[in-house]
Amino acid sequence: MTYVEFFDKNVIENICSSLKDTPEKILLIGPDRRLMEKYVKRYRRLFNERGYNPEFICKSVSRSNLQDAVSLLEEIVNINNEFIFEISGGENILCVALGIVLERYPDRNIDVRRCSKGDAVLSVKENIQLHGGEPTTYSWNMTPDFCEDVAAIWSICKKNVRKWNGQINTFETITYTGNCNEKCKIYRNIVEDLKKAGLIKKFYRNEKGFVIEYKNSQVRKCLTKAGLALELKIYTEASGLKDANGNLIYNDVMTSVTIDWDGIDEDYDTENEIDVVLMHGMTPVFVSCKNGIVEMDELYKLSMVAERFGGKNAKKALVVNSLSDNDFGRFFINRARDMGITLLVNIQNMSDEELRKKLASLWC
């Protein structure tokens, strides 16, 4: 079987059908052979890592010469016995040419399809690699016990986000230097809450400085970076969301994702970090989490990365715990809406059920 794909610059359009039912050959037709061959390298890697090895063929055609397009499609119709034209994307001239060929060969039973993106799935890693990047992430061991720790950390954090950030910054300073200066904030109520939850076993000062004993290394990481309380709350909640049929809403979820823009190991790489990336089938959702003051440029950074590594399929969401009801806050909300970014504001005031409901709809 050969799939004939009208080449589209949107990476996903060219292989969505092939991911569901991988054919022996995939024929790409478009005006830019160099770009098609660049994409084919990414496609071949994806299929090979899934255990498939379809043959890719690239055919170039002018975007302004209808007769050439018709001739090429006629050649395909006359050579191939089993083929499917996939017309989800590509140049309009190719669809016009296909219409002419269908009229000329009414008895050929030519199969024409449009891909339904809900029929296939990609992992976060596969999606980013298809768009030319290379993702890396910290590998959390998401045991049931650690998920309970994340929930406990969030329940303490959300009582007072500003004080939480100050306390976590102090823990970070003490953990990595053994001491802290007069600027370090110690909020006894937060420390006591962490002790009661078993997240901190010891916290005291002796003649050598401060001593902190954490429950384990993962908890220590959570309590020495202020933003992780919110980030991991979003990650754990999104990972377990299910639809009415009991199926996971997001087939893959990654947190603290660092994206190398070209996947090449160089001294000066362009990199961006996204707090959480979700995959619903072939639809990526890029989520930025801000557990404190949020600046306007956060909207632009999120939008740039999402569009670069998700194309027109990408969804964008910004989760914030602090957005004032003033001119800046109102302008921020309007700007986010104009940029197609979903805002989840002041989630420290949301119930878990309310938060889950909002997260479940981010891909829509």
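For the residue pair Ser60 and Leu72, the shortest heavy atom distance occurs at O-CD2, 4.4 Å. The two atoms that bring Gly90 and Asp8 nearest to each other are N-OD2, 3.0 Å, heavy atoms only. For the pair Leu359 and Ala238, the tightest heavy-atom approach, listed with the atom from each and the gap, is CD1-N, 4.1 Å. Across every non-hydrogen atom of Asn127 and Gly310, the tightest pair is ND2-CA, 4.5 Å. Scanning all heavy atoms of the two residues, the minimum distance from Cys95 to Phe6 falls at N-CE1, 4.0 Å. Among all heavy-atom pairs drawn from Ile29 and Met36, the shortest one is C-SD, 4.0 Å.
Between Glu13 and Lys312, at least one side-chain nitrogen of the basic residue sits less than 4.0 Å from a carboxylate oxygen of the acidic one, meeting the salt-bridge criterion. Salt bridge status for Arg34 with Glu37: absent, with no side-chain N to carboxylate O gap under 4.0 Å. Ion pair Lys290/Glu295 not flagged as a salt bridge, since none of the NZ, NE, NH1 or NH2 atoms sits closer than 4.0 Å to an Asp/Glu carboxylate oxygen.
Between Phe203 and Phe171, the ring planes are perpendicular. Angles over 60° get that label, and only those under 30° would be called parallel. Using a 30° and 60° split on the angle between ring planes, Phe47 and Tyr52 fall in the perpendicular class, above 60°.
With hydrogens and angles ignored, the 3.5 Å screen pairs no side-chain donor or acceptor of Asp297 with any backbone N or O of Tyr300. Side-chain N or O atoms of Asn251 include one that pairs as donor or acceptor with a backbone N or O of Gly281 at under 3.5 Å. Side chain of Arg337 to backbone of Leu343: no donor-acceptor contact under 3.5 angstrom is found. A donor-acceptor distance shorter than 3.5 angstrom exists from the side chain of Glu231 to the backbone of Ser256, with no hydrogens or angles considered. Judged by distance alone, the side chain of Lys316 and the main-chain N or O of Met339 form a donor-acceptor pair under 3.5 Å. Side-chain N or O atoms of Glu91 include none that pairs as donor or acceptor with a backbone N or O of Arg63 at under 3.5 Å. Remark: side-chain polar atoms of Ser155 are paired, donor with acceptor, to backbone N or O of Ala152 under 3.5 angstrom. A distance-only check finds no donor-acceptor pair linking the side chain of Glu86 to the backbone of Tyr3 [under 3.5 Å]. The closest donor-acceptor contact from the side chain of Thr2 to the backbone of Phe83 lies at 3.5 Å or more, if one exists at all.
Hydrophobic clustering of Ile, Leu, Val, Met, Phe, Trp and Tyr side chains at less than 4.5 Å, counting indirect connections, keeps Val285 apart from Val124. Val70 and Leu94 fall within a single hydrophobic cluster, where Ile, Leu, Val, Met, Phe, Trp and Tyr are joined by side-chain heavy atoms under 4.5 Å apart, directly or via other members. Linking Ile, Leu, Val, Met, Phe, Trp and Tyr whenever their side-chain heavy atoms come within less than 4.5 Å puts Leu73 and Val61 in one cluster. In this structure, Phe56 is not a member of the same hydrophobic cluster as Ile84, with clusters built from ILVMFWY side-chain heavy atoms closer than 4.5 Å. Transitive grouping of hydrophobic side chains (ILVMFWY, heavy atoms separated by less than 4.5 Å) keeps Met254 and Leu362 in distinct clusters.
Ring pair Phe309/Phe286: centre-to-centre distance not below 6.0 Å.
Considering only heavy atoms from C-beta on, Phe332 comes within 4.5 Å of Leu318 through its side chain. Within the 4.5 Å cutoff, side-chain heavy atoms of Ile274 are placed close to those of Leu302. Residues Met279 and Ser123 fail the side-chain proximity criterion, which asks for heavy atoms closer than 4.5 Å. Contact annotation: the side chain of Ile259 never approaches that of Val277 to less than 4.5 Å [non-hydrogen atoms, C-beta and beyond]. Two residues are said to be in side-chain contact when any heavy atoms from C-beta on lie closer than 4.5 Å; Lys59 and Leu27 meet this criterion. By the 4.5 Å heavy-atom criterion applied to side chains, Arg356 and Ser351 are not counted as neighbours. Between Leu230 and Ile347, the closest side-chain pair of non-hydrogen atoms falls below 4.5 Å. Taking the side chain as every heavy atom from C-beta outward, Leu199 and Ile156 approach each other to under 4.5 Å.
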Set out, in order, the CA-CA distance, both residues' side-chain angles and the distance that settles side chain to side chain contact (heavy atoms under 4.5 Å, CB included) for Cys16 and Met282, then state yes or no. CA-CA 8 Å; Cys16 55; Met282 299 182 73; 3.8 Å; yes

Tell me, with the steps shown, if Lys233 and Asp352 meet salt bridge (Lys or Arg N to Asp or Glu O under 4.0 Å). CA-CA 10 Å; Lys233 176 64 175 177; Asp352 284 349; 3.0 Å; yes

Val191 and Gln167: side chain to side chain contact (heavy atoms under 4.5 Å, CB included), yes or no, with the steps? CA-CA 8 Å; Val191 173; Gln167 184 61 66; 3.9 Å; yes

List the steps and the verdict of side chain to side chain contact (heavy atoms under 4.5 Å, CB included) for Ile186 and Phe210. CA-CA 12 Å; Ile186 297 177; Phe210 283 91; 3.7 Å; yes

What verdict does the salt bridge (Lys or Arg N to Asp or Glu O under 4.0 Å) test give for Lys357 and Glu354, after you've listed the backbone C-alpha separation in whole Å, the side-chain angles of each residue and the deciding distance to 0.1 Å? CA-CA 5 Å; Lys357 185 176 180 180; Glu354 185 180 0; over 6 Å; no

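Atom CZ of Arg220 sits about 11.5 Å away from atom CD of Glu213, to the nearest 0.5 Å. Annotation: the span from Leu228 atom CG to Tyr138 atom OH amounts to 9.5 Å, rounded to 0.5 Å. With values rounded to the nearest 0.5 angstrom, Phe85 atom CZ is found 13.0 Å from Arg113 atom CZ. Here the straight-line distance linking atom SG of Cys157 with atom CG of Leu232 works out to 11.0 Å at 0.5 Å rounding. For the atom pair CG (Leu241) and OH (Tyr250), the distance works out to 7.0 Å, reported to the nearest 0.5 Å. Separation of atoms NZ (Lys158) and CG (Asn346) is listed at 13.0 Å; rounding is to 0.5 Å.
The 12-atom threshold is exceeded at NZ of Lys215, counting heavy atoms of other residues, nucleotides or ligands nearer than 6.0 Å. No more than 12 heavy atoms of other residues, nucleotides or ligands shown are found within 6.0 angstrom of CD on Glu24. The number of heavy atoms from other shown groups lying within 6.0 Å of CG (Asn247) is above 12. No more than 12 heavy atoms of other residues, nucleotides or ligands sit less than 6.0 Å from atom CD1 of Ile293. Residue-environment remark: NZ (Lys242) stays at or below the threshold of 12 foreign heavy atoms within 6.0 Å.
When only modelled atom types and interatomic distance are considered, Gln67 and Ser71 share a side-chain donor-acceptor pair under 3.5 Å. No side-chain N or O of Tyr214 forms a donor-acceptor pair with one of Thr224 less than 3.5 Å apart. Side chain to side chain, Asn78 and Arg108 meet the donor-acceptor criterion of an N or O pair below 3.5 Å. No side-chain donor-acceptor contact under 3.5 Å links Glu271 and Thr258.
Residue pairs satisfying the side-chain hydrogen bond (donor to acceptor under 3.5 Å, both in side chains) criterion with at least one member in residues 41-50, sequence neighbours excluded, are listed as follows: Asn14-Tyr43, Arg45-Glu49, Arg45-Glu134, Arg50-Glu126.
Applying side chain to side chain donor-acceptor pair (under 3.5 Å) to Asn165 and the options Asn291, Asn160, Thr170 leaves one that passes, Asn291.
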